[in-house]
Amino acid sequence: MTVRQLLPLFAGLLLGWFSATAGAQDDPFEQEEKAITAAAQKVASCVVRIETVGGLEKVGKVFVASGPTTGLIVDADGYIISSAYSFVQKPTSILVTLPSGSRAAATIVARDHARMLVLLKVTTNEKLPTPTAVPRSEMLVGQWTIAVGRTFDATQLSMSAGILSAKERIWSKAIQTDAKISPTNYGGPLVDIQGRVLGVLAPLSPQGGGGELGGAEWYDSGIGFAVPLVDIQRHLSTLKSGKDLYPGLIGISLKPGDIYVLPAEIVAVPPNSPAAKAGLKAGDVITSIDGQPIVRQAQLKHAFGPKYAGEKVKLTVTRKIDNDHKQLDFEAELTDELIPYEHPFFGVLPMRGGGAKGIGVRYVFPGSPAAEMGLNAGDRIVALAGLDVENVAATQQFISSRELGSKLEVKWLRGDEEKNGELKLAKFNADVPQDLPSAVSGDLPQPAEKAATGIVEIKLPEEKNNCLALVPENYHPQVPQGVLVYLPPPGPSDKEKLSLRFKSLAEKNQVIVLVPQSADPKKWDPTESGFIRKALEDLSAHYTIDPTRVASFGAEAGGTMAFLTAAEHRDKFRGVAVAEGSPPARMKAPETDPVNRLAVFLAAAAKSPHKGVLDAAAAKLKESKFPVTEHSLGDAVRSFDANDDAQLFRWLDGLDRF
């Protein structure tokens, strides 16, 4: 929103105020412009133009620009804060135009990897001015905000105005404004109407991740973010010492579900994590952090969001001990990196549907702990470690709370005979069995109402994207369906071709194929992962979905989007499959999560231009302990054929293994 666009909006509000201070006869529009200009000029001497020279032209698959950008003086001794976005190319030379108009060389002192900022230092004898920061307690949603840059001309500011539209964004790391923010003013200040600095503009991503380039996709979306200056000042001495700052990690997995409703119940604590070292256990419910009450999981994410590695946090939890709930206090020191968690393996595929007690065994992996214990297909597991078995998702979660090598008592039924044994959990097996017995046994009762099957159109009122779903004709509400979220090339999808390609595989494997389509017929936009999630949630509201078998799949550009969607919505996806595609540029390998397991299926031809990127991604993901399945498409590049689709569905069919 520009200054001129704002004039009618605020004219009436300002009229009364200015009439008292400047005389009722003054033009309110003129007074409004004067107020905004005065606020920007008050901070102008602290806003510097930064020029970068040299460095990389391309980061990953993204060409990066090396044009001028903006910085904010934060210390009279020559320290300047700016957005990391403008330094991702690792420039060989940095020049800063100081308030006097002279230019000085600068070096990067340290980086804030949590908020994507850099601290620069210039060598100068000039006494540099510093701005006044607005305390968080004085920030008000709805107050004026002015985004300031000094990019195009060192002698003039660039400005846009709006309001503070939210305060606790990016899990409390940033504030949000609707003032126009672009790469030209990243690193500049967001100021209030008094000329005090609210924050430093940065392209942060609401979903997190994406590295130093992440968040730029929100440019021109109508909102932008700024890191509060008071937060930067709190850690300025650390940055000035040359020490980089990283997000603080504790290493816990919470109970899956709606984070805005569920309490912060821990379901897994990986060994060697800060949480494990502090003494936290699965089953604990976190009720406060540093004295701040925690009722829901979202509050926990807000409390941890601003924390850095190396900080200590005090936690209070409720733990059930001898049928009594006791309050216990712990202290944990956050880390910047967790040891990759490796999922332990029991060794079976479960049956689907039916209401009998326990979990029916569909398939036992050869050489697995279950096979060595003597479990057979057709058996029914009824208890683990003395606890009744509820369902597949809960059992996967229970096993995820154990370490590799842990011993586990097992009780199962073979016909009417009860058997007992013990096994030792082994390393996860990502093999795709070639022949599997049916996952559904026995006749099911006729459902009271037949659900819509075949090609079903899904239209979300608030979204402009279209979406199709191929629902198997043999769909039964008592048999949970897997979901293959197929991300086709941009443009409309051919219903007949979709049905011809996937119909029989969907019916055989109890899978619904969900086909979201890009809004732009020429390209996928990264922000459309939010629409894909909503479409999946809408599907789940109308059909019985198996949460352990939901995967995204795409080829080429659709494959990149599949990577992005699964990484951003780990709570919804248990697999990502990519054919002749590659991860988004600069995308970091996600961390393994004990609860939200993510399997990966990568397919490429030997002569594919994507082969090298996919091989590197596979190596990195395996190193991070993800279960990775690699599928060869032969020598020359080609599209998926029927055999490849069959292999993909067999991989999807086995995602519910434990």
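Here the structure is a predicted model, which means the values were calculated and not measured.
- Contact between L404 and P344 at its shortest, heavy atoms only, is CD2-CA, 3.6 Å.
- Listed for the S493 side chain is no donor-acceptor partner under 3.5 Å among the backbone atoms of K495.
- Summarising the geometry of P583 relative to V613, their closest heavy-atom pair is CD-CG1, 3.8 Å, with the distance given to 0.1 Å.
- K459 is listed as a side-chain neighbour of N466, based on a closest heavy-atom distance under 4.5 Å.
- Between L536 and the choices I545, V483, T565, the side chain to side chain contact (heavy atoms under 4.5 Å, CB included) rule is met once, by V483.
- Between the Q299 side chain and the R296 main chain, a donor and an acceptor come within less than 3.5 Å of each other.
- Side chain of E418 to backbone of L413: no donor-acceptor contact under 3.5 angstrom is found.
- Taking both residues in full, the closest heavy atoms of A264 and L300 are given as CB-CD2, 3.8 Å, listed atom of the first, atom of the second, then distance.
- Heavy-atom neighbours of E496 CD from other residues, nucleotides or ligands within 6.0 Å: at or below the threshold of 12.
- You'll find the side chain of V576 reaches within 4.5 Å of the side chain of V600, heavy atoms only.
- Side-chain N or O atoms of T560 include one that pairs as donor or acceptor with a backbone N or O of S582 at under 3.5 Å.
- Taking a cutoff of 4.0 Å between a charged side-chain nitrogen and a carboxylate oxygen, D653 and R362 qualify as a salt bridge.
- Salt bridge annotation for D615-K611: present, with a cationic side-chain nitrogen under 4.0 angstrom from a carboxylate oxygen.
- Between atom CD of residue E265 and atom OG of residue S253 there is a gap of 12.0 Å, rounded to the nearest 0.5 Å.
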| task | Begin with the C-alpha distance, continue with both residues' side-chain angles, and end with the deciding distance and a verdict on salt bridge (charged side-chain N to carboxylate O under 4.0 Å, His left out) for E591 and R570. | result | CA-CA 10 Å; E591 295 166 354; R570 288 284 297 280; over 6 Å; no
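- Rounding to the nearest 0.5 angstrom, the gap separating the CG atom in L614 from the NE2 atom in H631 is 12.5 Å.
- Using bins of under 30°, 30° to 60° and over 60° for the plane-to-plane angle, the ring pair F345/F365 lands in the perpendicular bin.
- Atom CD of E630 has more than 12 heavy atoms from other residues, nucleotides or ligands within 6.0 Å.
- The closest donor-acceptor contact from the side chain of Y543 to the backbone of A452 lies under 3.5 Å.
- Closest approach of N509 to L505, counting heavy atoms only: ND2-O, 2.8 Å.
- Between A430 and T629 the shortest heavy-atom distance is O-OG1, 3.2 Å.
- Side-chain atoms of N465 come within 3.5 Å of backbone N or O of Q517 as a donor-acceptor pair.
- Atoms CZ and CD, from F346 and Q396 in turn, are 12.5 Å apart once rounded to the nearest 0.5 Å.
- Between S368 atom OG and D431 atom CG the span is 11.0 Å, to the nearest 0.5 Å.
- Put simply, the side chain of Q397 never gets that close to the backbone of K255: no donor and acceptor are under 3.5 Å apart.
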| Working for salt bridge (charged side-chain N to carboxylate O under 4.0 Å, His left out), residues R533 and D571 | CA-CA 10 Å; R533 179 189 177 101; D571 59 323; 2.8 Å; yes
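- In this structure, R597 forms no cation-pi arrangement with F428, as its terminal cationic atom is not both closer than 6.0 Å to the ring centre and no more than 45° off the ring axis.
- Distance alone, capped at 3.5 Å, is enough to place a donor-acceptor pair between the N474 side chain and the E507 backbone.
- Atom OH of Y475 and atom CD of Q510 lie 12.0 Å apart (nearest 0.5 Å).
- Enclosure of atom CD in Q434 by more than 12 non-hydrogen atoms of other residues, nucleotides or ligands within 6.0 angstrom is indicated.
- The pair D379-K419 does not meet the salt-bridge criterion, since no charged nitrogen lies less than 4.0 angstrom from a carboxylate oxygen.
- Enclosure of atom NZ in K522 is not indicated, since only 12 or fewer non-hydrogen atoms of other residues, nucleotides or ligands lie within 6.0 angstrom.
- At least one donor-acceptor pair closer than 3.5 Å links the side chain of T544 to the backbone N or O of P477.
- With hydrogens and angles disregarded, a donor-acceptor distance shorter than 3.5 Å links the side chain of Q481 to the backbone of V479.
- Within the 4.5 Å cutoff, the side chain of L484 has heavy atoms near those of the F649 side chain.
- Taken from CG in N596 to NE2 in H569, the straight-line distance is 13.0 Å, to the nearest 0.5 Å.
- The number of heavy-atom neighbours closer than 6.0 Å to CD of E462, taken from other residues, nucleotides and ligands shown, is above 12.
- Of all heavy-atom pairs spanning R650 and V432, the tightest one is CB-CG1, 3.7 Å.
- Side-chain contact, D520 with S518: no donor N or O sits under 3.5 Å from an acceptor N or O.
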